[in-house]
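What you are looking at is a predicted structure, and each value in this text was computed from that prediction instead of being measured.
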Amino acid sequence: MNEDIQAYIYEHIPIVEKNQFRIERDESPYIRVKAHLADHVNHRKTAFGGSISTSLIVCSWASVRSILKARGIDDGGIVIQTQRVDFTKPVTGDFSARVVPLREETVNRFIAMLEKFGKGRLKVEARVTQGSDTASLAHFIGEFVVLRES
């Protein structure tokens, strides 16, 4: 994958750049979204829930895209169908959203459905952590639908 994922996302999802999220590669094929609290602070001096939710959706969406690209699929249109975010503790510092790695059999089943029917669904789980702490402060589960465009 030679593309610059941050530039791609900034171009195709402008709110990500406007919100000053930084997009980074995580453990392949996953993407991490990082943010400074100062750019997302609310009236309680904690991270705004909408920013947390957005970071979780973006890292999940970008990871689905990265999974497709790693499998040589360039024509999949990705949309989110459902999502749920649970906020377990306030975010009081710089934060990161990361996808929980998927089981290989789950990814293989998703790719097989996509190749057979031109449509596939993939459930993705992600978490927000703060600084170097690994404790989850927000938990996301979302289902993404991919439609082949060719």
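A continuous path of ILVMFWY side-chain contacts below 4.5 Å connects Ile80 to Tyr30, so both sit in one hydrophobic cluster. Note on Ile73: it clusters hydrophobically with Phe110, by side-chain heavy-atom contacts below 4.5 Å among ILVMFWY residues. By the rule that hydrophobic residues join a cluster once side-chain heavy atoms approach within less than 4.5 Å of another member, Ile57 and Phe87 end up as members of one cluster. Cluster membership check: Val107 shares its hydrophobic cluster with Ile78, using side-chain heavy-atom separations under 4.5 Å among Ile, Leu, Val, Met, Phe, Trp and Tyr. Note on Phe21: it clusters hydrophobically with Ile13, by side-chain heavy-atom contacts below 4.5 Å among ILVMFWY residues.
Note on ring orientation: taking the six-membered ring where Trp is involved, the planes of His40 and Phe95 are perpendicular (angle over 60°, cut-offs 30° and 60°).
Counting heavy atoms from C-beta outward, Val128 and Leu56 have side chains that approach closer than 4.5 Å. Side-chain contact check for Ser66 versus Ile5: every heavy-atom pair is 4.5 Å or farther apart. The shortest distance between side-chain heavy atoms of Arg71 and Pro29 does not fall below 4.5 Å. Proximity of Val33 to Val16: side-chain heavy atoms (C-beta onward) are nowhere separated by under 4.5 Å. With contacts defined as side-chain heavy-atom distances shorter than 4.5 Å, the pair Ile141/Asp86 does not qualify. Taking 4.5 Å as the limit, some side-chain heavy atom of Val124 sits within range of a side-chain heavy atom of Phe144.
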| Step by step, would you call Ile23 with Tyr8 a side-chain contact (heavy atoms from CB on, under 4.5 Å)? | CA-CA 10 Å; Ile23 312 301; Tyr8 180 88; over 6 Å; no

| field | Residue pair Ile31, Val58: steps toward the side-chain contact (heavy atoms from CB on, under 4.5 Å) verdict | value | CA-CA 9 Å; Ile31 305 300; Val58 170; over 6 Å; no

| Pair Ile9-Gln6, side-chain contact (heavy atoms from CB on, under 4.5 Å): steps then yes or no | CA-CA 5 Å; Ile9 290 174; Gln6 181 161 304; 6.0 Å; no

| Full working for side-chain contact (heavy atoms from CB on, under 4.5 Å) between Glu24 and Lys34 | CA-CA 8 Å; Glu24 299 179 353; Lys34 295 177 87 174; 3.2 Å; yes

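In this structure, Glu143 contributes its side chain and Arg121 its backbone to no donor-acceptor pair below 3.5 Å. In this structure a side-chain-to-backbone donor-acceptor pair under 3.5 Å is missing from Thr82 to Gly142. Between the Asn42 side chain and the Arg44 main chain, a donor and an acceptor come within less than 3.5 Å of each other. Formation of a donor-acceptor pair under 3.5 Å by the Thr54 side chain with backbone atoms of Gly50 is found in this model. Panel note: side chain Ser53, backbone Gly49; no donor-acceptor pair is recorded below 3.5 Å. Using a distance-only test at 3.5 Å, with no hydrogens or angles considered, no donor-acceptor pair links the side chain of Gln81 to the main chain of Val145.
Scanning all heavy atoms of the two residues, the minimum distance from Ala138 to Ile52 falls at CB-CG2, 3.6 Å. Taking every heavy atom of both residues into account, Val91 and Leu37 meet most closely at O-CD1, 4.0 Å. Looking at every heavy atom in both residues, Pro90 comes nearest to Gln130 through O-OE1, 4.3 Å. When all heavy atoms of Phe140 and Val85 are compared, the closest pair comes out as CD1-CG2, 3.8 Å.
For the pairing with Asp75, the salt bridge (Lys or Arg N to Asp or Glu O under 4.0 Å) check across Lys69, Arg148, Arg65 returns one residue only, Arg148.
To the nearest 0.5 Å, atoms NZ (Lys18) and CD1 (Ile15) are separated by 8.5 Å. Note that the OG atom of Ser63 and the CG atom of Asp26 stand 7.5 Å from one another [nearest 0.5 Å]. Distance check: Met113 CE to Leu122 CG gives 12.0 Å after rounding to the nearest 0.5 Å. The CD atom of Gln20 lies 10.5 Å from the OG atom of Ser51; values are rounded to the nearest 0.5 Å. Rounded to the nearest 0.5 Å, atoms CG (Leu137) and OG (Ser96) are 10.5 Å apart.
Within a 6.0 Å sphere centred on CG of Leu147, heavy atoms belonging to other residues, nucleotides or ligands number more than 12. Atom CZ of Phe48 sits in a sparse spot, with 12 or fewer heavy atoms from other residues, nucleotides or ligands closer than 6.0 Å.
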